[in-house]
Q: 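What follows is a structure written as C-alpha cells; I'll ask about it next.
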Amino acid sequence: MSRTCRRRSEQHEYDCVLRDFRWVDGALVPFLIDARSTQGRRAIARFHSDACWTLRSTAPRWYRRIVDHRLRTLNTRQLRHWLADPDYDPVFEGRHRHSANWGWW
C-alpha cells in the first residue's frame, strides 16, 4: 500500500514546517512563513518528500544500513570466536530494530 493511499485524508500540522528563525538585534526570533508563498510551498513539499528526514522519527537509510552491518558483523565475529574457542563466552547484541535511530539522535 502506498504512502499516498494511507495518508489520503490526513490533516497535517505545518507549524513546525513553516516556522523559520532569524537573528534580530542579537536575539533569535521565530516567525511563520506563509503557506501560499513560494518559500512556504517549497517547505511543505520538502516535508512530504522523502528528502526531509530531519522531521521524522527515524535515522536516514544510509546510517541504518551502516549500523545494521556493524551489528551483523559483531554477532558473526562473536559466534566464530566461540566456535574456534569453546571456552570463550560470547556476548551477542540482541537489540536490532531501533539501534540506529537511538544512535542518530
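All heavy atoms count here, side chains included; hydrogens, waters and symmetry mates do not.
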Q: Assess the residue pair Arg19 and Phe21 against the criterion (side chain to side chain contact (heavy atoms under 4.5 Å, CB included)); give the C-alpha distance rounded to whole Å, side-chain angles, the decisive distance to 0.1 Å, and a yes or no.
A: CA-CA 7 Å; Arg19 182 168 296 154; Phe21 296 90; 3.8 Å; yes
Q: Under the ring-ring contact (aromatic ring centres under 6.0 Å, His included) rule, collect the residues that match up with Tyr88, sequence neighbours excluded.
A: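 So Tyr88 forms a ring-ring contact (aromatic ring centres under 6.0 Å, His included) with His81.
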Q: What are the two closest non-hydrogen atoms of Arg36 and Arg41, and how far apart are they?
A: O-NH1, 2.5 Å
Q: For Phe92 and Leu79, which heavy atoms make the closest approach, and how far apart are they?
A: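 Nearest heavy atoms, Phe92 then Leu79: CE2-N, 3.8 Å.
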Q: Contact between Gln39 and Asp20 at the side-chain level, heavy atoms closer than 4.5 Å - yes or no?
A: yes
Q: Could you check whether any side-chain N or O of Arg77 sits under 3.5 Å from a backbone N or O of Thr73, counting only pairs where one atom can act as donor and the other as acceptor?
A: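 Between the backbone of Thr73 and the side chain of Arg77 there is a qualifying donor-acceptor contact (under 3.5 Å).
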Q: Could you report the tightest heavy-atom contact between Ala35 and Ile44, atom names first, then the distance?
A: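 The answer is CB-CD1, 4.1 Å.
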Q: Check Gln78 against Pro90 and note the closest heavy-atom contact, atom names and distance.
A: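 The pair with the smallest heavy-atom distance is OE1-CA, 3.5 Å.
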Q: Is Trp82 close to Arg80 at the side-chain level, that is, under 4.5 Å between some pair of heavy atoms?
A: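 Side chain of Arg80 against side chain of Trp82, heavy atoms only: no contact under 4.5 Å found.
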Q: When rounded to the nearest 0.5 angstrom, what distance separates CG in Leu71 from CD1 in Ile66?
A: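 So the CG of Leu71 and the CD1 of Ile66 are separated by 14.0 Å.
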Q: So which atom in Asn75 and which in Glu93 form the shortest heavy-atom distance, rounded to 0.1 Å?
A: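 Of all heavy-atom pairs spanning Asn75 and Glu93, the closest is OD1-N, 2.9 Å.
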Q: State yes or no: do Val29 and Trp23 share one hydrophobic cluster built from I, L, V, M, F, W and Y residues joined by side-chain heavy-atom distances below 4.5 Å, directly or via other members?
A: no
